[in-house]
Structures are given as C-alpha cells and as structure tokens.
Amino acid sequence: MAGSLRIAIVGAGMGGLATAAALRRVGIEVAVYEQATQFARIGAGIQIGCNAMKVLRELGLEQRLRAQSFYPRSWNNRDWRTGDIKFDMIFGESAERKFGAPYLLAHRGDLHAALASAVPAECVKLGHKLVGLDEVGDGVRLNFANGATALGDAVVGADGVHSLVREILFGTSSVNFTGRIAYRTTYPAALLGGEKIDDCTKWWGEDRHIVIYYVKPDRSEVYFVTSQPEPEFRIESWSAKGDVRQLRAAFTGFDRQVENVLAACPDVHKWAIVDRDALARWADGNVTLLGDACHPMTPYMAQGAAMAIEDAAVLSRCLEGVEPDGVANAFRRFEATRRDRTARVQQTSRTNTWLKQKTDADWVYAYDAWTVPLAG
C-alpha cells in the first residue's frame, strides 16, 4: 500500500472496523485507535439487515456470519396481551431473493469479532484513548492519553455516541433523554426448560415493548431488549446492571411467552435511551465523523450499526484513488451521499412505529451501499 492515503480511524466498534476493512479493500492504509485495552463480548443481540449484509458480503464475512447467526422466518409484531399479529415482516429465503442478501440475527460480539477478523491485528491499536487532534502541515496529528502520537493524512471519527472527535470539531452536543429505559441480555436457551419462543417477535404494549429472538443458528442462545418509561434513570451505559425483579414486574400480564423468557432470565443490563439531534455537518477539513458519532439513533428500527456499516462502504468509494489534497472534498461527497438516508432512518426510528402495522420496508433493506449513486 506504499504511496496510498494513510487514514487514522478513532474507535474500533462496528463502524470503525467496517471502515478499516472497506478502506483496505481499495488500497488505503489504515490504523485504528481504540481506547479499550481488549474487546469484550457483552451480552447483546443485533439484527443484521439485508442492507448491512450486502456490505459485509463484499468484506468477505457472509459465510462466517451465516454459520454463526440465526436465520429467522420473520420479524413478527404482536399485541402484548392477546398475541394477535399486527404485522408479520417475512424474511427468510423470500426476502433474501427480493433484497439480495439474508436477514440475520446475531450476538453483537460475534458480528464484532467477524469485522475484527477482516482487519489485520497490527492495524488495530488498543489502549489508545484520544485526547486531542491537530491539523499540521503534512496531515492530522492524534494525541493519546498514554503519551503516544500518530499522524494520518486524514481522520475518521468512528468513536460512537460519546464521540470526542465530534466534540473537538463541533463542541459538546446536547443529549435528549427520552424518559425511557431499556433492559437487555443474552442467556442460554436451555434455561427456558423446553419452552419455545418464536424466531423473532416484538410484543407491543401500550407504553412499552419487548423484542425477543434467537442469536444462534441452533437456537441455543436467546436475546431480548425492552423499552419502557422510567424518566428518572439517566445512566447511558451498556454495562450498568438492572434488577431482574423490577423487569419482570414491568411486563406482568404480557403474553405467556414473554413471561417465560423473563422468568428464566438470570441477570440483565439496563441503560437510558437517549436521542440526539442531527449535526449541521459531519466533517471539518481532513477529519470526518461516521456512524453513531454523527447520526446516532434510537434502537427501534435495529438499524444503528447498519447505518455505520453502510457509511463505511460509501466512504471507501468516495476515497478510492484520492490524493491527500482531495480528502476534504471526498468527505463532503460522503456526507452529501449519506445525509438524507441517515436522517430518514433517524426520524423513522424516533417514532417507534417501525413494523407496528403493514410497512413498506423496501427503502431500508433494498439499499446497496456499493452501488448507490455518489453525490457530485
């Protein structure tokens, strides 16, 4: 890759690793800087939409993810008490034919590990917490809390909802607490004692919901995530623990399948659901934001990671063959190509009505980040 662009990526989450893999695919040199000292397999599921799978396929990860993930017949939306079907969004083979890729349900750690496998270990620098950025004559210098420095022709801030890169570029952004919290966990399906669950169901209550699905192809692991009102709770951390007894009480009266899943649950994480306004712009000079750093969204469409993965593919197309003096323009092109789509997903997710009734999902799942026209 001698003579290519040198891109420094801040953050080794889904978006950062996908970006590294996509940029390397077009011959760009990358270094990924991550503040964590090791990767952890936190108990969480993730829905990998057909749109995200099209990106992951080109990164060489499709077969690995098919082997590790659950292939659901549908995303079934049911009434909390009666179990009546509101809308059954069919996936499986018919959706794969229609949208050009499968819809998979995975453990978040398995998707992250797959993305990590697409980036050589020597490109990922753990234990590097960013503390500053400086534009210098020959690029952008990064300063880290451990005293290390690095230089790149450009920087991609893929450092999530609490992005320091965003704060350096544009100042602190306001956080809008929604007054709602989520519980989530994964656990062995054997704890259900033989009780069955559907492939993937969202149970819609009057002011709360719960989504339950398998994350392994042999149905050996179950995941659920909730949303319910609790205005006073304001901890936005995926590692904070919740009280299983309070969780069960909050869903008393829900369909028996829900009560069975919660009764078998050994422990749970809890975090506040927040919303953030869209940024006026994503880039400044040779530094751009990507994924949750610039368009964070509520979890109700299961598209947050997918948007970052799409970003990675589009950004790689915008940067392919670009010299250092053309990076700022490539970043503007990237933003112009992606802004309307990510804003629409943000707004749609915010309403928490996705798939509650018959829904046209084609605009989400048919999107192909490798072929969508790039802005001029």
Side-chain angles (χ1 to χ4, degrees), residues 42-47 75-87 89 105 107-108 161 175-187 191-192 195 197-215 221-276 292 296-305 345-357 359:
I42 295 172
I46 191 166
Q47 303 193 36
W75 175 342
N76 201 352
N77 294 267
R78 293 178 176 270
D79 180 85
W80 69 285
R81 192 198 305 266
T82 65
D84 292 345
I85 295 173
K86 293 175 172 288
F87 177 57
M89 176 69 201
L105 307 176
H107 192 292
R108 200 174 190 92
V161 294
V175 176
N176 307 316
F177 284 91
T178 63
R180 303 184 67 80
I181 59 98
Y183 289 95
R184 73 175 183 184
T185 197
T186 56
Y187 66 83
L191 294 179
L192 288 170
E195 295 283 351
I197 65 167
D198 297 333
D199 285 7
C200 178
T201 305
K202 183 169 183 176
W203 305 88
W204 294 82
E206 291 161 7
D207 66 348
R208 63 199 61 204
H209 73 250
I210 182 169
V211 181
I212 304 171
Y213 55 83
Y214 293 108
V215 295
E221 197 167 7
V222 172
Y223 170 70
F224 69 79
V225 61
T226 75
S227 173
Q228 66 232 57
E230 192 175 320
E232 66 278 10
F233 187 83
R234 295 196 163 206
I235 300 174
E236 191 189 4
S237 167
W238 286 1
S239 60
K241 287 287 191 175
D243 186 326
V244 175
R245 293 166 299 180
Q246 290 181 1
L247 167 61
R248 291 170 185 148
F251 286 86
T252 299
F254 268 63
D255 186 270
R256 181 170 174 270
Q257 194 176 136
V258 174
E259 294 199 326
N260 287 341
V261 167
L262 297 184
C265 169
D267 61 29
V268 72
H269 290 94
K270 176 182 181 179
W271 86 102
I273 298 175
V274 303
D275 199 8
R276 288 171 171 84
D292 283 349
M297 53 193 68
T298 56
Y300 303 134
M301 284 177 71
Q303 280 289 313
V345 175
Q346 266 184 310
Q347 291 292 337
T348 305
S349 185
R350 184 174 285 157
T351 66
N352 190 21
T353 56
W354 183 247
L355 304 184
K356 188 174 184 178
Q357 54 194 5
T359 303

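Aromatic ring orientation, Phe224 versus Tyr187: perpendicular (interplanar angle above 60°, classes split at 30° and 60°).
In terms of modelled atom types and a separation under 3.5 Å, the side chain of Asn77 and the main chain of Phe87 share a donor-acceptor contact. Put simply, the side chain of Arg184 never gets that close to the backbone of Val225: no donor and acceptor are under 3.5 Å apart. Of the possible donor and acceptor atoms, none in the side chain of Glu195 sits under 3.5 Å from a partner among the backbone N and O of Asn260. Side chain of Arg276 to backbone of Asp292: no donor-acceptor contact under 3.5 angstrom is found. At distances below 3.5 Å, at least one donor-acceptor pair connects side-chain atoms of Glu259 with backbone N or O atoms of Gly253. With Tyr213 contributing its side chain and Lys202 its backbone, the two residues share no donor-acceptor pair below 3.5 Å. For the pair Ser227 (side chain) and His209 (backbone), a donor-acceptor distance under 3.5 Å is absent. Not one N or O on the side chain of Arg108 forms a donor-acceptor pair closer than 3.5 Å with the backbone of Ile46.
What you find for Ala249 and Thr252 is that their closest heavy atoms are O-OG1, 3.1 Å. Taking every heavy atom of both residues into account, Gly83 and Asp255 meet most closely at CA-OD2, 4.1 Å. The two residues Trp203 and Asp198 come nearest to each other via the heavy atoms CZ2-OD2, 4.4 Å. In terms of heavy atoms, Pro296 sits closest to Val161 at CB-CG1, 3.7 Å. Residues Ile210 and Leu262 share a closest heavy-atom pair of CD1-CD2, 3.9 Å. When all heavy atoms of Leu247 and Val268 are compared, the closest pair comes out as CD2-CG2, 4.0 Å.
With rounding to the nearest 0.5 Å, the separation of OH in Tyr183 from CG in Asp267 is 12.5 Å. How far CD of Glu206 is from CG of Asp79: 8.5 Å, rounded to the nearest 0.5 Å. The CH2 atom of Trp204 lies 5.5 Å from the NZ atom of Lys356; values are rounded to the nearest 0.5 Å. Of the inter-residue distances, the one linking Met297 atom CE with Gln346 atom CD reads 5.0 Å to the nearest 0.5 angstrom. The CG atom of Leu105 sits 12.5 Å away from the CD atom of Glu221 when rounded to the nearest 0.5 Å.
Contact check for Asp207 versus Gln228: no side-chain heavy atoms found under the 4.5 Å cut-off. Residues Asn76 and Asp199 are not in side-chain contact: their nearest non-hydrogen atoms beyond the backbone lie 4.5 Å or more apart. Counting heavy atoms from C-beta on, the side chains of Thr298 and Asn352 never come closer than 4.5 Å. A 4.5 Å side-chain heavy-atom check between Trp80 and Arg208 finds every atom pair outside the cut-off.
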Verdict with reasoning, Glu230 to Arg180, per side chain to side chain contact (heavy atoms under 4.5 Å, CB included): CA-CA 5 Å; Glu230 192 175 320; Arg180 303 184 67 80; over 6 Å; no
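Between Asp275 and Arg350, at least one side-chain N (NZ, or NE/NH1/NH2) sits under 4.0 Å from a carboxylate O, which counts as a salt bridge.
Between Thr201 and Arg78, the side chains place no donor N or O within less than 3.5 Å of an acceptor N or O (distance only, hydrogens not considered).
Remark: Trp354 engages Trp75, Met301, Thr348, Thr359, Ala361, Trp363, Val364, Tyr365 in a side-chain contact (heavy atoms from CB on, under 4.5 Å) (not counting sequence neighbours). Under the salt bridge (Lys or Arg N to Asp or Glu O under 4.0 Å) criterion, Asp243 pairs with Arg245, not counting sequence neighbours.
When the options Ile273, Thr351, Thr353 are evaluated for a side-chain contact (heavy atoms from CB on, under 4.5 Å) with Tyr300, the one that passes is Ile273.
By the 6.0 Å contact criterion, CD on Glu232 is enclosed, its count of non-hydrogen atoms from other residues, nucleotides or ligands being greater than 12.
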